[in-house]
Amino acid sequence: MRFQHDQNVVIRYRGFLLLQQPNQTWLVRPERSPMSLLPFRTTKCSLAEVKKILVKKLADQTPTSQAA
């Protein structure tokens with residue numbers, strides 16, 4: 001016997017929504033516009049790994065040198 005869980009997991013983190021999909025992957029998208037990072041999907045992973053992926057993508061997007 002199998003039970004189907006119809007609950008959606010949605011987590012707010014650093015201005016993004018982390019939405020767990022039925023196949024245990026994650027959809028990550030900004031809460032508001034303008035979008036600083038385009039929405040993306042992850043492979044099957046834990047919440048901690050999704051957060052690490054998001055932090056890395058945000059760090060890669062931030063300019064490393066700023067003019068004075």
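When hydrophobic clusters are built by joining Ile, Leu, Val, Met, Phe, Trp and Tyr residues whose side-chain heavy atoms come closer than 4.5 Å, directly or via intermediates, Ile11 is grouped together with Val28. No continuous path of hydrophobic side-chain contacts links Leu27 to Leu37 [ILVMFWY only; heavy atoms under 4.5 Å]. There is a path of hydrophobic side-chain contacts, each under 4.5 Å, that joins Leu58 to Phe40.
The CZ atom of Arg14 sits 13.5 Å away from the CD atom of Glu31 when rounded to the nearest 0.5 Å. Here Lys51 contributes atom NZ and Thr42 contributes atom OG1; the two are 13.5 Å apart, rounded to the nearest 0.5 Å. Thr25 contributes atom OG1, which lies 8.0 Å from atom CD of Gln20 (distance to the nearest 0.5 angstrom). The distance from atom CG of Leu47 to atom OH of Tyr13, rounded to the nearest 0.5 Å, is 9.0 Å.
The shortest side-chain heavy-atom distance between Arg12 and Leu17 falls under the 4.5 Å cut-off. The side-chain heavy atoms of Leu54 and Leu18, taken from C-beta on, include a pair separated by under 4.5 Å. In this structure, the side chains of Lys57 and Asp60 stay at 4.5 Å or more apart for every pair of heavy atoms. Using a 4.5 Å heavy-atom threshold, the side chains of Val50 and Cys45 count as touching.
Pairing each heavy atom of Leu19 with each of Gln21, the nearest pair is O-NE2, 3.2 Å. Here the closest non-hydrogen pair linking Ser36 and Phe16 is OG-CZ, 4.0 Å.
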